[in-house]
J.: 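There's a structure below that I have some questions on.
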Amino acid sequence: MKFKAIFSFLGLLLILFIGIPIVKMMISTDPSTLLLTSKEPEVYSSIFLTFRASVWATIIALLTGVPLAYILARREFVGKKIIEGLIDLPVIIPHTAAGIALLTVWGRNSLFSKATGINIIGTEISISIAMFFVSVPFLVNAVKDGFKLIDERYEKTAITLGATTYKAFFTVSLPMVKKSIISGSLMMWGRGISEFGAVIILAYHPMTAPVLIFERFQNFGLKYAIPVTVLLILISLIVFIFIRIFEDK
Amino acid sequence: MNLKIVNISKKFKGFELKNIDLEIREGEFFVIVGPSGSGKTLILEIIAGLLEPDSGEVYGIKNKKIGFIYQDYMLFPHLNVFENIAYGLNIRKIDRDEIKSRVKNLALKLEISELLQRNVANLSGGEKQRVAIARAMAISPDIFLFDEPTSALDRNSRMKTREMFIKLHQKTCSTFIHVTHDFEEALSLADRIGILINGRIIQCGKPDHVLNSPESKEIADFLGYKNVFGGSIKNNRLNINNLNLIVPIEKADFAYVAIRSDDIIISKKKIESSARNSFFGEIENVFKKSSIYEVVLNVGVRLSVDITRKSFEEMDIKMGDNLWATFKVSSLKVFKH
């Protein structure tokens, strides 16, 4: 009994630490202001843009990150630890630094821009790029851990039953890591939405929700920043709970 | 066509195979038996083409369909029993009605018809095994590979499984290659066995022959010979601890002799017979086993002797008794290493 009480108490401290600021912020906003804020075109378009850009980033990460995760989980090769370190790096480095690093590759004076004549800075594409860079580790690592848990002999069995390597991957391995892929994508998508540092360096405009919150706080103060923040949190919460319920089924 | 494994060597994840040569006849029930860690699974995966050997080659496997049944069956957890069995047929894009009827047929044969819509996670060990066999059988394999298929089962299911394997082998006429660490299992199933120890096949032949004529101390130990003695031999005598054992070879600088525990007779009085080895000693230990007693008699060396429960009771044997142990020279096996 004592054990349970102590553990519950320690866990409760953590929940309160996260919960109190959010609840406090929510109750400080009256519903009518919230409704009004949600009808502002600048607000809803920025929230929609944030969600959308993060979806693009997550889709690209699925296409490239799942194969990478599979290789990292299944194969041993020279330099594997370096690649794994590289994948973890975006989590550690300051995101403004990440934004600057991205600017050297995708910026106006970059080789890419000069060679193609395309400028992506200040577009939705650059927002997705920033989000991708900082949040892709969540997806790759989750899916890699998922593949690691799956016995290779499942694939081998599929191959003896006549499947090609591709078929074995798509009909056996991939369905078996479905949960890791869903939760990895969710984590990545969520992390993408919240990204501020790298995004603001690549695109101040069009304004994502975190940038909009920052801007309103800077120019008009706390009172104007809170409704947008609450709105973003509420929508994110609803989406996450909905997906978690769906995932359990 | 026979399956020929020629000079296969492979190092993989801490396991190693060294210069494996085997010829397995078409339709044969071949059992590879060896302790765990000897590389048994590696051989099967190489035969199945799932692993490339470092050197050597497997002949007679091209275009052959393989039914591989792993130790823990590897039923796909995201598919139900029916979908598992149908997997190989779906891959071959066989007509759906045909798949249905084939799966039903197999399920009937393996007595798992009532399980078809079940989730594989909720099956018992024996049920899982039958589903795995049905899944392999669905593609009508030419060669079945079994990787310790009974080690996850209780004793009763293990016995039933052996019967099922024998029936299956008779019905399918396929080649069966089975690996196990259980020599008794090998004896009850195999047409021929190969003993694999430390990555080498060290003896190959009919089970009875291998059991009665181990070619080395290693094999004798593995087969459960308890009486193995080493020393030099002169004039048909091996001297150990001042005990002169009469042996079937005349001379050797060093050799091992071994005798099975059930080839030794014990008696209260010395037996006058043609058996030329007869020694007197004290009973040091008695172990009760399911239907026999193992009696350890110290005659200068410790001899382990198996006797039936009936004889044990009739002779009224107690610890500390002094008894005679007698055995024939011809029941001694001799090997050089």
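Chain letters run A, B, ... following the sequence lines, proteins first, then strands; residues in each count from 1. All values below were derived from every heavy atom in this structure, side-chain atoms included, with hydrogens, water molecules and symmetry-related copies excluded.
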J.: Measure distances from B:Phe68 to the heavy atoms of chain A and classify the residue's part below 4.5 Å as side chain, backbone, both or neither.
T.: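 For B:Phe68, backbone and side chain are both near chain A.
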J.: Rounded to the nearest 0.5 Å, how far apart are CD of A:Glu155 and CE of B:Met74?
T.: 11.0 Å
J.: Around atom CG of A:Leu111, are there more than 12 heavy atoms from other residues, nucleotides or ligands closer than 6.0 Å?
T.: no
J.: Less than 4.5 Å to any heavy atom of chain A: does that hold for the side chain of B:Leu75, its backbone, both, or neither?
T.: backbone
J.: Return yes when atom CG of A:Leu10 has more than 12 non-hydrogen atoms of other residues, nucleotides or ligands closer than 6.0 Å, and no otherwise.
T.: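 Count over threshold, so yes.
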J.: Could you check whether atom CZ of A:Phe51 has more than 12 heavy atoms from other residues, nucleotides or ligands sitting under 6.0 Å from it?
T.: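 More than 12 heavy atoms, drawn from other residues, nucleotides or ligands, come within 6.0 Å of this atom.
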J.: How close do A:Arg153 and B:Asp72 get, heavy atom to heavy atom, and via which atoms?
T.: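 What the structure gives for the nearest pair is NH2-OD1, 2.9 Å.
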J.: Any idea which heavy atoms bring B:Phe76 and A:Tyr154 closest together, and the distance?
T.: CE2-O, 3.4 Å
J.: Quick one: are B:Arg135 and A:Thr157 in side-chain contact, heavy atoms under 4.5 Å?
T.: yes
J.: Do the non-hydrogen side-chain atoms of A:Val172 and B:Tyr87 ever get within less than 4.5 Å of each other?
T.: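 Yes. Closest side-chain heavy atoms under 4.5 Å.
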J.: Is it the backbone or the side chain of B:Lys13 that comes under 4.5 Å from a heavy atom of chain A, or both, or neither?
T.: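 For B:Lys13, the side chain is the part near chain A, not the backbone.
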J.: Measuring from atom OG1 of A:Thr160 to atom CZ of B:Phe144, what distance do you get when rounded to the nearest 0.5 angstrom?
T.: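 If I round to the nearest 0.5 Å, the distance is 11.0 Å.
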J.: If you draw a 6.0 Å radius around CZ in A:Phe77, do more than 12 non-hydrogen atoms from other residues or ligands fall strictly inside?
T.: yes
J.: Heavy-atom distance under 4.5 Å to chain A: side chain of B:Ala136, backbone, both or neither?
T.: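 Interface part for B:Ala136: backbone (N, CA, C, O).
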J.: Side chain, backbone, both or neither: which part of A:Thr164 has an atom under 4.5 Å from a heavy atom of chain B?
T.: neither
J.: Could you check which of B:Ala138, B:Pro77, B:Gly88 has the highest count of heavy-atom pairs closer than 4.5 Å to chain A?
T.: B:Pro77
J.: Looking at A:Phe170, I'd like to know if its CZ atom is crowded, meaning that more than 12 non-hydrogen atoms belonging to other residues, nucleotides or ligands lie closer than 6.0 Å.
T.: no
J.: Does a sphere of radius 6.0 Å around NZ in B:Lys18 hold more than 12 heavy atoms from other residues, nucleotides or ligands, not counting ones at 6.0 Å or beyond?
T.: yes
J.: Kindly compute the distance separating CD1 (B:Ile91) from CG (A:Leu161), expressed to the nearest 0.5 Å.
T.: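 Going from CD1 on B:Ile91 over to CG on A:Leu161, the span is 8.0 Å.
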J.: Is a side-chain donor or acceptor of B:His78 paired with a backbone partner of A:Thr171 at a separation under 3.5 angstrom?
T.: yes
J.: Could you check whether atom CE of A:Met187 has more than 12 heavy atoms from other residues, nucleotides or ligands sitting under 6.0 Å from it?
T.: no
J.: For atom CD of B:Glu111, decide whether the heavy atoms of other residues, nucleotides or ligands shown that lie under 6.0 angstrom number more than 12.
T.: no
